[in-house]
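Letters A, B, ... mirror the listed sequences (proteins, then strands); counts begin at 1. Only heavy atoms go into these numbers, but all of them, side chains included; no hydrogens, no water, no symmetry mates.
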Amino acid sequence: MHLSRYFLPILRETPKDAEIVSHRLMLRAGMVRQESAGIYAWLPFGHRALAKITAVVRQEQDRSGALELLMPTIQSAELWRESGRYDAYGKEMLRISDRHEREMLFGPTNEEMITEIFRASVRSYKHLPLNLYHIQWKFRDEVRPRFGTMRSREFLMKDAYSFDLDQEGARHSYNKMFVAYLRTFERLGLKSIPMRAESGPIGGDMSHEFIILASTGESEVYCHRDYLDFPVPGPGTNFDDANALENIVSKWTSLYAATSEKHDRDAFAAVPKDKQVTARGIEVGHIFYFGTKYSEPMKAVVAGPDGTERPVHMGSYGIGPSRLVAAVIEASHDEAGIIWPEAVAPFDASILNLRPGDSACDVACEEIERALVAKGKEPLVDDTEERPGAKFATADLIGLPWQVIVGPKGLGQGQVEMKRRATGERSSVSMEDALRMLVGA
RNA sequence: CGGGGCAUGGCGCAGUCUGGUAGCGCGGUAGUUUUGGGUACUACAGGUCGCAGGUUCGAAUCCUGCUGCCCCGACCA
């Protein structure tokens, strides 16, 4: 992509409404534009970041055995009356009516709808376990949206719903998601720690929030230092091996970890002093088991091996990709701008043509771009008429992992300059070496 | 939902108290200049001063009502 033909409305000055760093940087880097309180348009650059995140989320959901579908944003009030939540949900639910005065709503979540889909077709335990997920826009009419896409009213969410015959099966389903989440956040370049969360009406220990550590995070978290070095299960993990998963989960829940709401001073004090970590974090995922809360009132029942019908045991599992974009930036930025982790970067590298119009520079940029594209990489070539200084500032702001600086000076020596955004490290290398560094050959 | 604040060109702001031809910086366009960390100069374009009423010879400015947005708190993925 050539910057001169791209749509990247960079802001030089900081918009006054943006309070936290991710919001500031997302606006400055031309990623999003607020259209209304807590409602954002995703501009091309931001949209790419969002797409990178959903791709990773999707791959890891699929790997765990979950099946993707897509449910509508608009739901009927009828469904919610069945579960009793239509009245219970309160003003956070955006209620609307259609031309026939039928009561509709913009879905804040999909438990009712997925339960309805399930009960319509599944009657036997032989079709279990089942985990269905979708990645869809949700709306929660927050009293006070803030922090940009971190806490917006309209937000993208991956929500998965598991169905099992009994609690034991549900535990396995829960563990699959637990492991998938560890893998997902790791791939996004984030250090995530599962923390015990409010378990709801069922009780038990099957509810966790996944918190990522970020110095500018929204809330205080406390955990055992060893979590930071726990190995994340690899891509070869066998999700059908219930025991193996149980071992992973019990390891990842063996040490102290809590958000400020669940913080237990005494329990934390029992952690060796040098292992105590107090940090700031952002919740990026939430998983929980809720048993038959919806299957019972909505009559989602299956026949067991003994032929008797019983309500299915369910769990639900959420990740907010639109929130994650902001969370990634909170966790990875500096004074100059964003520092994208490789997996999330909207493009792989900036190629800065310091003197467009100079045929040596133009040709060199062209060659590097072509070579990268041939290797499946996505470079962004800055071929604008800006001054070099402005280009450096822009490249740092938008934060692609690599900057390839192509100018007449370097080319005179047959070299280009490579800059690693994360470390600021630079080196002058030949074009061949530059390509090798970029494709990791 | 309580408390506070803001609304003037794409962005950031001054002007409002004390009514009298709407300004500054950034950005944009054209040109000159410059050429490896946001270059300098010149010219130009761009605004129903959030909306609706009212007071007045005259309203961005005073009065009334409304709307939108932001911040703190309570709440939440």
How about A/Tyr294 and A/Phe118: are their ring centres within less than 6.0 Å of each other? no

Looking at A/Arg144, does any N or O in its side chain come under 4.0 Å of the phosphate oxygens OP1/OP2 on B/C71?
-> yes

* Asked: At under 4.0 Å between heavy atoms, what does A/Lys91 touch on the DNA or RNA strands: base, sugar-phosphate, or nothing?
  -> sugar-phosphate

Exercise for review: Using a heavy-atom cut-off of under 4.0 Å over every strand shown, decide if A/Thr109 touches base, sugar-phosphate, or nothing.
Suggested key: nothing

Practice prompt. Could you check whether A/Ala393 gets within reach of a base, just the sugar-phosphate, or nothing at all, counting any heavy atom under 4.0 Å?
Written response: base

- request: State whether A/Arg12 places a side-chain N or O below 4.0 Å from either non-bridging phosphate oxygen (OP1 or OP2) of B/G27.
  value: yes

Kindly say whether the aromatic ring centers of A/Phe178 and A/Trp252 come within a distance under 6.0 Å.
-> no

Check: Which class fits the ring pair A/His313 and A/Tyr289: parallel under 30°, tilted 30 to 60°, perpendicular over 60°?
Finding: parallel

By nearest-heavy-atom nucleotide on RNA chain B, the more 5' of A/Val284 and A/Pro388 is A/Pro388

key: Side-chain-base donor-acceptor pair under 3.5 Å for A/Arg151 and B/C75   = yes

Counting only side-chain nitrogens and oxygens, does A/Ser36 get under 4.0 Å of the OP1 or OP2 atom of B/C69?
yes

- Message: Can you tell me whether the side chain of A/Arg28 and the base of B/G38 have a donor-acceptor pair closer than 3.5 Å?
- Response: yes

Base of B/G38 paired with side chain of A/Glu386 (donor-acceptor, under 3.5 Å): no

Item to check | Cation-aromatic face contact A/Arg420/A/Trp402, 6.0 Å, 45 degrees | outcome: yes

- [ ] Have a look at A/Leu352 and say if it touches a base, only the backbone sugar-phosphate, or nothing, with a 4.0 Å heavy-atom cut-off.
- [x] nothing

